[in-house]
Amino acid sequence: MTPEFQSDLGLAPRGTAWYYATLNQPAARRRNLLLFQAWWRAVRSIPYTVSEPSVAAAKLAWWEAQVRLCQDDRPDHPLLLQLQPALLEACVAPGALLQAITHVRASLQQNRWLDWIGIENHLDCGPGQVARVSCQLAGQGTSAALDWAAALGVALAQVAMVRDVGRDARRGVIFFPVDELAALGVKARQLLACDETREVRALLAHAATRAHTALVRADTLRPRDMGQAALPGIALSRMAHALLREMERDQYALLNQRLSLTPTRMLWAAWTAQWAR
């Protein structure tokens, strides 16, 4: 896969977590995983790149039509056109991708959640479902493998929620349940104003601890006979653990900055994943 091809389709550029997490995969499998992640990135970015709700809704409807064409016809978008054979071979039904689009639509329509169960279900519908499909594209379709993938996808999304709290607040979105804000004495206006009070940092520390617990739980679900197909997930989990340590080291000052790992650290996580199987 040439750099020009990757650029044209918007595949994971050098320096992203997914770029490094898939380095240890066979070429054909890596290509399919990169194609699928590029599709997911294009869809999930709509709430962040389109300010007009009707335009965003139209874009999601167009992607839905394209996904439906993947079953028996040829989609128009070059990314899905390249991905279609892999989806068919892995027996990925259009409904799996449509569910992920539903997650993005919910993100457009809702900016508050009453409780954690609602948020967890929301994450399972999006990142959890994307992780399941990625697992299938990696050649692992057993129920145990898919359960691990979904749990890991939700856990990684929890880490991202903490990391991206400032970005989401500037969009008017709060990915923390109303009852949790009340319990920890945090006002929604504090988050929306990116006011890093002691209570806000305590909230983020609490969310980071929950994300860490979710990562650990996901690892206990991983079947130990997945072989090389498990390596991207293991690498992403290691990157997420490292990012959580960076957040803690920075005392959860996350409303006005976005922490990230260096490429060297992501490469190391991907390289050492092979010894964690």
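Atom set for the values below is all heavy atoms of this structure, side chains included, hydrogens, waters and symmetry mates excluded.
Closest non-hydrogen pair, Ala253 versus Glu196, comes out as C-OE2, 3.3 Å. Phe36 approaches Val130 most closely through the heavy-atom pair CE2-O, 3.3 Å. Gly141 approaches Leu146 most closely through the heavy-atom pair O-CD1, 3.6 Å. Here the shortest heavy-atom pairing between His103 and Gly126 reads CG-CA, 3.3 Å. Contact record, Tyr252 with Ala205: CE1-CB, 3.5 Å, taken as the closest heavy-atom pair. When every heavy atom of Val162 is checked against every heavy atom of Ala208, the shortest pair comes out as CG2-N, 4.0 Å.
One distance of note links CD of Gln66 with CG of Leu81; it measures 9.5 Å at 0.5 Å rounding. A distance of 11.5 Å separates CZ of Arg68 from CD of Gln71, quoted to the nearest 0.5 Å. Of the inter-residue distances, the one linking Leu123 atom CG with Glu120 atom CD reads 7.5 Å to the nearest 0.5 angstrom. Rounded to the nearest 0.5 angstrom, Asp168 CG and Asn111 CG are separated by 10.5 Å. If you take OG on Ser260 and CE on Met266, they are separated by 7.0 Å, rounding to the nearest 0.5 Å. For the atom pair CG of Leu156 and CE of Met161, the computed distance is 13.0 Å after rounding to the nearest 0.5 Å.
Counting only heavy atoms from C-beta outward, the side chains of Leu33 and Trp18 approach each other to under 4.5 Å. Looking only at side-chain heavy atoms (C-beta outward), His206 and Leu184 come within less than 4.5 Å of each other. Looking only at side-chain heavy atoms (C-beta outward), Val43 and Leu60 come within less than 4.5 Å of each other. For the pair Leu244 and Leu215, the minimum side-chain heavy-atom distance is below 4.5 Å. Using a 4.5 Å heavy-atom cutoff, the side chains of His212 and Val159 are not in contact. With a 4.5 Å cut-off on side-chain heavy atoms, Trp113 and Val178 do not count as touching. With a 4.5 Å cut-off on side-chain heavy atoms, Asp219 and Ser237 do not count as touching. Residues Leu259 and Met247 are in side-chain contact: their nearest non-hydrogen atoms beyond the backbone lie under 4.5 Å apart.
Residues Gln274 and Asn24 have side chains that never bring a donor and an acceptor to within less than 3.5 angstrom of each other. Using a 3.5 Å distance cut-off with no hydrogens or angles, the side chains of Gln257 and Asp250 do pair a donor with an acceptor.
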Does the side-chain contact (heavy atoms from CB on, under 4.5 Å) test come out yes or no for Leu231 and Leu23, once each step is laid out? CA-CA 9 Å; Leu231 295 183; Leu23 280 175; over 6 Å; no
Run Leu204 and Phe176 through side-chain contact (heavy atoms from CB on, under 4.5 Å) and show every step you take. CA-CA 9 Å; Leu204 298 180; Phe176 299 97; 3.6 Å; yes
Assess the residue pair Leu181 and Lys187 against the criterion (side-chain contact (heavy atoms from CB on, under 4.5 Å)); give the C-alpha distance rounded to whole Å, side-chain angles, the decisive distance to 0.1 Å, and a yes or no. CA-CA 7 Å; Leu181 294 180; Lys187 304 295 185 183; over 6 Å; no
Candidate pair Arg132 and Asp124, rule salt bridge (charged side-chain N to carboxylate O under 4.0 Å, His left out), full reasoning: CA-CA 10 Å; Arg132 290 186 190 94; Asp124 182 68; 2.8 Å; yes
Stepwise side-chain contact (heavy atoms from CB on, under 4.5 Å) test for Arg238 and Trp268: CA-CA 9 Å; Arg238 289 186 165 213; Trp268 177 251; over 6 Å; no
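Side chain of Gln84 to backbone of Asp73: a donor-acceptor contact under 3.5 angstrom is found. Side chain of Arg224 to backbone of Arg222: a donor-acceptor contact under 3.5 angstrom is found. No donor-acceptor pair under 3.5 Å is formed between the side chain of Gln82 and the backbone N or O of Leu35. Under a 3.5 Å cut-off, the side chain of Arg170 and the backbone N or O of Cys194 do not form any donor-acceptor pair. At distances below 3.5 Å, at least one donor-acceptor pair connects side-chain atoms of Asp115 with backbone N or O atoms of Gly118. In this structure, the side chain of Gln190 does not engage the main chain of Asp195 through any donor-acceptor pair within 3.5 Å. Listed for the Arg201 side chain is a donor-acceptor partner under 3.5 Å among the backbone atoms of Gln251. Side chain of Thr197 to main chain of Val200: a donor-acceptor pair is present (N/O by atom type, distance under 3.5 Å, no hydrogens or angles).
Note on Trp63: it does not cluster hydrophobically with Tyr48, by side-chain heavy-atom contacts below 4.5 Å among ILVMFWY residues. When the side chains of ILVMFWY residues are joined at heavy-atom separations under 4.5 Å, either directly or via intervening members, Leu98 and Val104 end up in a single hydrophobic cluster. One hydrophobic cluster, built from ILVMFWY side chains closer than 4.5 Å, cannot hold both Val173 and Leu203; they sit in different ones. Put simply, Leu88 and Leu79 are part of two different groups of oily side chains (I, L, V, M, F, W, Y) that touch within less than 4.5 Å, one to the next. Using a 4.5 Å cut-off between side-chain heavy atoms of Ile, Leu, Val, Met, Phe, Trp and Tyr, with links allowed through other members, Leu236 and Trp40 fall into the same hydrophobic cluster.
Stacking of Arg44 on the aromatic ring of Trp39 is not recorded, the 6.0 Å distance cut-off and the 45° axial limit not both being met. Both tests pass for Arg30 against the ring of Tyr19: distance under 6.0 Å to the centre and angle within 45° of the axis.
Classification of Glu246 and Arg163 as a salt-bridged pair fails, no side-chain N sitting under 4.0 Å from a carboxylate O. Of the charged side-chain nitrogens involved, at least one lies within less than 4.0 Å of a carboxylate oxygen, so that Glu180 and Arg210 count as a salt-bridged pair.
Remark: Trp271 CH2 is loosely packed, at most 12 non-hydrogen atoms of other residues, nucleotides or ligands lying under 6.0 Å away. Residue-environment remark: CD (Glu89) stays at or below the threshold of 12 foreign heavy atoms within 6.0 Å. More than 12 heavy atoms of other residues, nucleotides or ligands sit less than 6.0 Å from atom CZ of Arg112.
Between Trp62 and His77, the two ring planes are perpendicular [angle over 60°; tilted spans 30° to 60°].
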